[in-house]
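Here is the structure we will look at, set down as structure tokens.
For reference, positions follow the sequence shown, starting with 1. The basis for the numbers below is simple: all heavy atoms, side chains too, and nothing from hydrogens, waters or symmetry mates. We count ligands from 1, going down the list as the structure has it; atoms in each ligand are counted the same way.
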Amino acid sequence: MKPLFPGTPSADGQPVTLGEAGSRPVTLGKAGSRPVTLGVMGGGQLGRMFVHAAQRMGYDTCVLDPDPLSPAGLVSHQHVVADFSDPRGLADMARCCSAITTEFENVPADALLSLAATRPVAPSAACVAIAQNRVEEKAHFTACAGLSGVSVAPYAVIESNAHLRAADSNLLPGILKTARMGYDGKGQVRVNNLADLAAAWADLKNVACVLEKLMPLRSEFSVIVARGWDGRVVSFAPQRNVHVNGILAITHAYESNMPLAQSIRAQAATKLIADHVAYVGVLCIEFFVVDDGSADGGLVVNEMAPRPHNSGHYTMNACDVSQFDLQVLALAGLPLVQPRQHSPAIMLNLLGDVWFDGSGIPRSPDWAAVLALPGVHLHLYGKQGARPGRKMGHLNITGVDVAGVQSVARRAADILGLPGLD
Ligand code: ADP
Ligand code: MG
């Protein structure tokens, strides 16, 4: 792709009128003076952090999201308020943007395809479609896994009563996961026997599912890479993730997390998974480290996110280039340089629960006490209304050494009533 340089007038330079989709009518610039505009499908917090990164580099931004108060829409130059499949909204988006990315995997693949008819879109509809469907995702991983020294948890596709009857009892105990629309542990049921399995499938409304063997997890990691239009891949080191009630709570990002050989293997596997589908953009792969009798444990590839990831938020303060910077650079066709982590870091997710005390009474978190700690970086997403489980923001804690970062993170978690660190 021809690079889209920031801070310069866009090559097409035509005035653009938006408003067909019910967004506020606006005319962008004069002929020849319109800045290059980068677009993002989805207005959540990931879109907001993409918008901020793009704007820092001198791009204009355009967000498509049906919510007029979406976190990204609120801070973007342009916000097309429309459903993701609305042809008028997509036409506005294509007119406004020089290139378009996505901040969530459930954007309709057809919407990305239609945008791609006239604009560079990264990642492609085909790549996003793989991440939207666990059946496709597992097949993709299986095709890559043998080559890269990582495995895929044994699984079976359950799409019919015949599949249910044929289910292999070696997959039990297991987890039944809906093929589509699962996130943060939603759309998953643990099953111990075949009777449980039948009941769980009925509970999930008999939609297409995968039954996955329950793995003996030692820990969970993720690897974030960015791949350019030219096929160059750069990578952050694996970060260790702790989930509470299916939602990411803590990310530990420092060297001693994982043996070096395993870290190299996880990054190589992620690169392979990206290369295999000519991926362009930021990609996150989640891994399990499982007990397999070896000293370090085996690597199992779990799932992919075709975008920046909650577990990569530490890169905003601990690395010279963040995952959102890489999303901008990759989309714009600019060079990707290997990011360097300059500080050990811990990321603490701030869910809406922090705005309530132990008896459910609303409260204001004691930000002053948290911000008085050294190396604390507060990120809030501008969401209206805290609710338990809702992602409201995160805290990045950086410092000169791991012990110092852990100690500050413990104190911050204590002040806010967050889960313990270990
Ligand atoms: P989600 O899309 O909700 O993140 P995941 O497949 O990542 O779905 O599952 C959520 C969590 O459930 C994982 O982070 C892990 O803790 C646990 N889990 C998922 N699959 C397995 C498995 N096969 N064995 C053990 N634990 C699992
Ligand atoms: Mg997951």
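- In this structure, Tyr314 and Phe236 have perpendicular ring planes: the angle between them is above 60°, well past the 30° mark.
- A heavy-atom cutoff of 4.0 Å around ligand 1 is satisfied by the protein residues Arg134, Ile175, Lys177, Gly182, Tyr183, Asp184, Gly185, Gln188, Glu212, Lys213, Leu214, Met215, Leu217, Glu220, His243, Glu286, Phe288, Asn302, Glu303.
- For Asn133, the side chain to side chain donor-acceptor pair (under 3.5 Å) test picks out no residue, with sequence neighbours left out.
- For Thr118, the side-chain contact (heavy atoms from CB on, under 4.5 Å) partners at least two apart in sequence or on another chain are Ala94.
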Just distance, no hydrogens or angles: give the donor-acceptor pairs under 3.5 Å from side chains in residues 364-373, sequence neighbours left out.
| unit_1 | atom_1 | unit_2 | atom_2 | d |
| --- | --- | --- | --- | --- |
| Asp366 | OD1 | Ala369 | N | 3.2 |

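- With a 6.0 Å radius and a threshold of 12 heavy atoms from other residues, nucleotides or ligands, Gln338 has its CD atom above the threshold.
- Between Asp325 and Arg56 there is a salt bridge, since a side-chain N of the basic residue sits under 4.0 Å from a carboxylate O of the acidic one.
- For the pair OE1 of Glu286 and OE2 of Glu303, the angle whose vertex sits at the Mg ion (ligand 2) is 100° to 10 degrees.
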